[in-house]
Amino acid sequence: YIYRDMLTRNWNRRQFIVEVNLGHLHEYDEVLMGYLQSNPNDVFPYFELAAKDALKLSLTMEGEDLVNQPNLPDFQIIIQSAENTQSLRNLTADHVNQLIKVPGIIISCSKTRSKATSITVKCSKCQSVKTLSCKSSMGGINIPKCDNNGGTIMNVDCGVGSFVIMADQCEYIDQQTLKLQESPEVVPTGEMPRNIMLTVDRYLVDKVTPGTRVSVMGISSLFNSGAKQKLQASSAIRTPFLKVVGIQVEIEGGGRTNTQFTPDEEEEMLQLARDPNIYEKLARSIAPQISGEYTVDIKKALACLLMGGSRKVLADGVRLRGDINILLMGDPSTAKSQFLKFIEKVAPIGVYTSGKGSSAAGLTASVIKDSKGEFFLEGGAMVLADGGVICIDEFDKMRETDRVAIHEAMEQQTISIAKAGITTVLNCRTSVLAAANPVFGRYDDLKDVNENINLMTTILSRFDCIFIVRDVRDVNRDLEIARNVMNVHMGASVPKEDRSKTSPHEIPVEKLKRFINFCRARCTPRLNKEAAATLSSHYVHIRNQVRITLAETPGSSMRYFHTTFIDNTRRAIPITIRQLEAIVRLSESLAKMRLSNEATVTDVNEALRLFNISTLSASQVRPHQVGLGVVSSEATKNAEEFLLRRMGLQVSIGVKKIIDEACAQGYKKVNISSGIAKLIQSGVIKEYKGGKIIKRIK
C-alpha cells in the first residue's frame, strides 16, 4: 500500500502532500487516467477530497482520533509521470485545459505571494457575512450584490458595492510565478527562444531557482493579461500559462539528455570504457572533419574538458571546481570556431555565444522589473549552461568590464548578485571553452607573448590549458590539410547513414554524448598517493625552471613570484597554484574516461604532457616559431648588430647581397631575415622596390 503509507507518513510530518505516479493510475483504471488528462480541472478537486477521505479511513483503522477535527487541511496532489514531453513550440489551442508535460529551463522566479482561496465578505449596510470560493490560479472573482434586502431592516436596498472584504478571515495559500524557457539547444537557428508563465502553489513554492532544468507537469490554461484587460476589442484574446501540478528537476550534469540507462546500454558503456585505446578513440571522435598535426593535442584536451575533473567540498564548506577551462589563442583559419561549435553540440549542456555580442549581464544574470513593479532575476548564458560547457567565441573582442564579470564564475563557479534589493548567489558549474585572436590578428613572431596576448593575467590564470594555435607555412602540412578539406567537401554530399559507416575508429556523436553523460554521472576519481607525489615534485620543478629562465633572460619579469618589475615588462601567462590544480583536474578526467576511481601516475604524466605543450609552452618568454625552425632571441640580436654595423646611415643595399655576406661570416639565413624584419618594424630600415632593396634611415 504505497499511497496509504505515504499519506500516514506525511500526516505524521504535518506535510499535506501526496505524490501520485500516473503509471500506477493507468494500471488501476485507464478510463480515469484518460479523464484526468482531458479534464484535469474537474478531476483534481475530487482527487484531493479522496486523499483526505483515505487518510481518515487509514487513521480510523489505526485508532487515531485526529480525524474528528473539523478543519482537516486539504492535501495537495503532485503528479509524476514518465511520459514523453511536449515541446513549448508545439503547444496550441488544442492543449488548453489538458494535462501536459513540458521540458525547459527556469529563467526567472517571482517572490512568494499569498493567494486567497476563500474570501469572506461582510455587507456594510446589513452586516450579513458571505463566503466566496476563489479557485482560479491567475484570475480573481466578482463580488456580487448583497441580496439580503437589509436584513432586519425591511425594504432597504443594500445596493451594489456594499460588501467589504474581511482580510483576516480569508483563507490563503502560497503562490509563486515562474518563467519557463526552451532549452538553448532545441531552439531553431535564427529564432528567439520561447517562454511561458508557470504558477506554482503550496508545497511546490521555492522548489527551483533560475538556471534549473526541469520537466513540468501542468494544466494548460489561459488568463487575461493586465495590458489587454483595458482593451475591450481584445477581450477574446487570452495569454496561455501552465498551472503546475508537478516538477521534476533534472539530475545535475545530466543536462537535456536522458540520464537513465538500460542494462544493455550500461554494459555497452562499460565495454567502451574497458577499451585500452579509449583516450585516443575519444580524441579522434571530436570534430573528425578537422585534421592536422597541431589539432591532435587540442582534441585530447577537449576530450578532458568534456569529461571534467571531480568536484570537491571541503570540511569547512569550501568548494573546489572540477570543470576544466580551455583557451584557444591563435591565427585566423585554424578551425577554432569549428571546435567550439562541435563541443556545443556534443556536450551534455552546450551554450554558444560570441564575445562581441555578449554583455556582463547577458553572460551572468540580470535583474528585471516586471509589469507589477517587482524585481526578479533572469539567468544569463553561464547560468543556463550550468552542468555543461559554455563556448565563448571572439573572447578578445569582449569589453574589459564584461570580461571581469566572469572571473568569479570561472573559479568559484558562482555568480553573486546584489542589485535592486536582491542579494543572492546563483550556481554556474560550467566549463569555459574560449577562442581568441592575438592583438595584431595574426601571431607576430617578433614580439613577446605578452605583446601578442591582450588579456589580463587574472583571466589567463583561470584557464587550465592555453593553446597557441599557429598557421605555420609548411609544404607537407599545407598539402595534408588541403587534401583533408577536399575530402570533407567531396564527402558532404554522401548520405548521413553512409558517412557514419566510414569511420570504424570513431565514436558516433549520439553515442559519444551518452558515454560522456555516463562517465560524468558514475565516476568521481581521486589521485592516489604515488600520483600525488609525482605531481607535487613536477610542479616544484616547473616553478624552479621558470624562475631560472626568467633570471637568465634580460628584461623579463618575475611578477608572478614577487611584485617587482624589471624594465616595466610583465609575464603574460603566470604559473601559479591554479595551474597545479589544473593538472589535478586533467589527471582525474583521464581516469574518468576509463571509469576508474583512481588517477594513476600514467594519468599524471599525460596531464603534465598536455600542460607542457599548452600553457607552459605558451608562457615562454619568446617562443619564436618561424617555419619549422626555432629562432633564439640571442641569435636574432646578434644578426641585428651585424646589420647595423654593415649599413651606415642613409646606406642602401640589396637584401640578397647582405644575406650572402652574413652567411659567409657564419650567420644563419633565418636569423638575418628575422633581424631585417624586426628593424623594418621598428622603423630603423625602410624597404624599396618590393622588398629587394633596404635603406637605413635611423
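Hydrogens, waters and symmetry mates play no part in the numbers below; they use all other heavy atoms, side chains included. All residue numbers refer to positions in the sequence shown, counting from 1.
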Can you tell me if N605 uses its side chain to pair, donor with acceptor, with the backbone of T602 under 3.5 Å?
-> no
Heavy-atom nearest pair, F339 first then I298, reads CE1-CG2, 4.0 Å
Using atom types as modelled and distance alone, determine if a side-chain donor or acceptor of D396 lies under 3.5 Å from a backbone N or O of A436.
-> no
Show your working on salt bridge (Lys or Arg N to Asp or Glu O under 4.0 Å) between K281 and D275 and close with a plain yes or no.
-> CA-CA 9 Å; K281 190 175 285 188; D275 188 342; 2.9 Å; yes
Is there side-chain contact between V187 and E182, with at least one heavy-atom pair below 4.5 Å?
-> yes
Roughly how far apart are E581 CD and L586 CG, rounded to 0.5 Å?
-> 12.0 Å
May I ask you to decide if L608's main-chain N or O and N612's side chain share a donor-acceptor pair within less than 3.5 Å?
-> yes
Exam field: side chain S587 to backbone A607, donor-acceptor pair closer than 3.5 Å = no
How about E640 and L679: do any of their side-chain heavy atoms sit closer than 4.5 Å?
-> yes
Nearest 0.5 Å, what's the CD1-OG distance between I278 and S285?
-> 7.5 Å
Contact summary for P438 and G330, nearest pair of heavy atoms | CD-O, 3.1 Å
Looking at side-chain heavy atoms only, is the closest gap between L610 and C304 below 4.5 Å?
-> yes
Flag the pair I343 / I286 as yes when at least one side-chain heavy-atom distance between them is below 4.5 Å, and no otherwise.
-> yes
Stepwise side chain to side chain contact (heavy atoms under 4.5 Å, CB included) test for D393 and Y352 | CA-CA 8 Å; D393 207 352; Y352 180 90; 2.8 Å; yes
Could you give me the CA-CA distance, side-chain angles and deciding distance for E606 and R609, then say whether salt bridge (Lys or Arg N to Asp or Glu O under 4.0 Å) is met?
-> CA-CA 5 Å; E606 174 61 19; R609 189 190 70 82; 3.0 Å; yes
Quick one: do M647 and I658 satisfy side chain to side chain contact (heavy atoms under 4.5 Å, CB included)? Show the steps, please.
-> CA-CA 9 Å; M647 296 176 65; I658 199 167; 3.9 Å; yes
Examine distances only and state if a side-chain atom of K656 and a backbone atom of K692 form a donor-acceptor pair shorter than 3.5 Å.
-> no
Is there side-chain contact between E411 and R321, with heavy atoms separated by less than 4.5 Å?
-> yes
Evaluate the criterion salt bridge (Lys or Arg N to Asp or Glu O under 4.0 Å) for residue pair D323 and R585; output intermediate values, then yes/no.
-> CA-CA 8 Å; D323 297 292; R585 285 188 285 270; over 6 Å; no
Judged by atom type as modelled, is there a donor-acceptor pair below 3.5 Å linking the side chain of K299 to the main-chain atoms of A287?
-> yes
Counting distance only, does the side-chain N/O of K397 pair as donor-acceptor with the main-chain N or O of S354 below 3.5 Å?
-> no
Hey, is the main chain of V296 close enough, under 3.5 Å, to the side chain of R284 for a donor-acceptor pair?
-> no
Short side-chain to backbone donor-acceptor contact, N325 and V432, under 3.5 Å | yes
Minimum heavy-atom distance between V604 and A531, given as atom pair plus value | CG2-CB, 3.5 Å
Residues passing the side-chain contact (heavy atoms from CB on, under 4.5 Å) test with Q650, sequence neighbours excluded, are K695
Enumerate, atom names and distances included, each donor-acceptor pair closer than 3.5 Å involving a side-chain atom of residues 534-542, sequence neighbours excluded.
residue: T534; atom: OG1; partner: E530; partner atom: O; Å: 2.9
residue: S536; atom: OG; partner: A532; partner atom: O; Å: 3.2
residue: S536; atom: OG; partner: A533; partner atom: O; Å: 2.9
residue: S537; atom: OG; partner: A533; partner atom: O; Å: 3.3
residue: S537; atom: OG; partner: T534; partner atom: O; Å: 2.8
residue: Y539; atom: OH; partner: T576; partner atom: O; Å: 3.3
residue: Y539; atom: OH; partner: I577; partner atom: N; Å: 3.3

Which atoms form the tightest heavy-atom contact between C519 and M307, and what is the distance?
-> CB-SD, 3.6 Å
When rounded to the nearest 0.5 angstrom, what distance separates OG1 in T295 from CZ in F467?
-> 10.5 Å
Starting at OG of S652, measure out to NZ of K686 and round the result to the nearest 0.5 Å.
-> 11.0 Å
Would you mind reporting whether K300 and L282 have side-chain heavy atoms less than 4.5 Å apart?
-> no
Check for a donor-acceptor pair, side chain of K513 on one end and backbone N or O of A347 on the other, with a separation under 3.5 Å.
-> no
OG of S461 to CE of M410: how many Å apart, nearest 0.5 Å?
-> 8.5 Å
Stepwise side chain to side chain contact (heavy atoms under 4.5 Å, CB included) test for H407 and I459 | CA-CA 7 Å; H407 281 195; I459 193 85; 3.3 Å; yes
Side-chain contact, heavy-atom cut-off 4.5 Å: Q579 with D464?
-> no
For the residue pair L327 and L460, what are the closest heavy atoms and their distance?
-> CD2-CD2, 3.8 Å
So F642 and Y667, would you call those rings parallel, tilted or perpendicular, with 30° and 60° as cut-offs?
-> tilted
Side chains of P288 and F342: closer than 4.5 Å at any heavy-atom pair?
-> yes
Pairwise distance OG(S431) to CG(L305) - rounded to 0.5 angstrom = 4.5 Å
For F395 and L328, what are the C-alpha separation, side-chain angles and deciding distance, and is it a side chain to side chain contact (heavy atoms under 4.5 Å, CB included)?
-> CA-CA 10 Å; F395 192 64; L328 304 179; over 6 Å; no
Considering non-hydrogen atoms only, spot the tightest contact between R594 and L590 and give its length.
-> NH1-O, 3.6 Å
